[in-house]
Amino acid sequence: MQKINDTQLKQLIEAGVFVADGPLSIDVMRATFLSDFTVSNMQIKKVLAELELDYAPRGIQLVKVASGYRFQSNEAGRNVKQALAGERT
């Protein structure tokens, strides 16, 4: 098992949630892209909480749902999405 610092862990988790096809659970993170690293659930939860705060003032938010974590647009972002969807028709 390799060691990983908090910055690297944050980058991996952010990228993992970003590219995932759906919500990503901590168990799936640990079993896939974090499987080679020595990292605790507490470290992962700490990084996820930091990412939630990092994205809170932005148009995209990291949210926890029943099946894991995902990025989604905030209210302003939903309006943009609706406007773009209407533009395509």
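Under the 4.5 Å side-chain criterion, counting only non-hydrogen atoms from C-beta, Phe33 is in contact with Leu24. Within the 4.5 Å cutoff, side-chain heavy atoms of Leu34 are placed close to those of Ile13. In this structure the side chain of Met29 never reaches within 4.5 angstrom of the side chain of Leu12, judged on heavy atoms. Taking the side chain as every heavy atom from C-beta outward, Phe37 and Arg30 never approach each other to under 4.5 Å. Side chains of Asp36 and Met1 form no contact here, defined as non-hydrogen atoms less than 4.5 Å apart. Using a 4.5 Å heavy-atom threshold, the side chains of Thr38 and Gln2 count as separate. Val17 places a side-chain heavy atom less than 4.5 Å from the side chain of Phe71. In this structure the side chain of Asp54 reaches within 4.5 angstrom of the side chain of Lys10, judged on heavy atoms.
Note that NZ of Lys64 is 13.5 Å distant from CZ of Arg70, once rounded to the nearest 0.5 Å. Atoms CD and CD, on Gln8 and Gln11 in that order, are 7.0 Å from each other to the nearest 0.5 Å. From Asn5, atom CG reaches atom CD of Gln43 across 10.5 Å, with rounding to the nearest 0.5 Å. Here the OH-CG distance, from Tyr69 to Leu48, works out to 5.0 Å after rounding to the nearest 0.5 Å. We find the CD1-CD1 distance between Ile44 and Ile26 to be 6.0 Å, quoted to the nearest 0.5 Å.
Transitive grouping of hydrophobic side chains (ILVMFWY, heavy atoms separated by less than 4.5 Å) brings Leu62 and Val19 into a common cluster. When the side chains of ILVMFWY residues are joined at heavy-atom separations under 4.5 Å, either directly or via intervening members, Val47 and Val63 end up in two distinct hydrophobic clusters. Tracing side-chain contacts under 4.5 Å through hydrophobic residues (I, L, V, M, F, W, Y), one never reaches Leu51 starting from Val65; they form parts of separate clusters.
Checking Tyr55 against Glu14 by side-chain atom types alone, a donor-acceptor pair falls below 3.5 Å.
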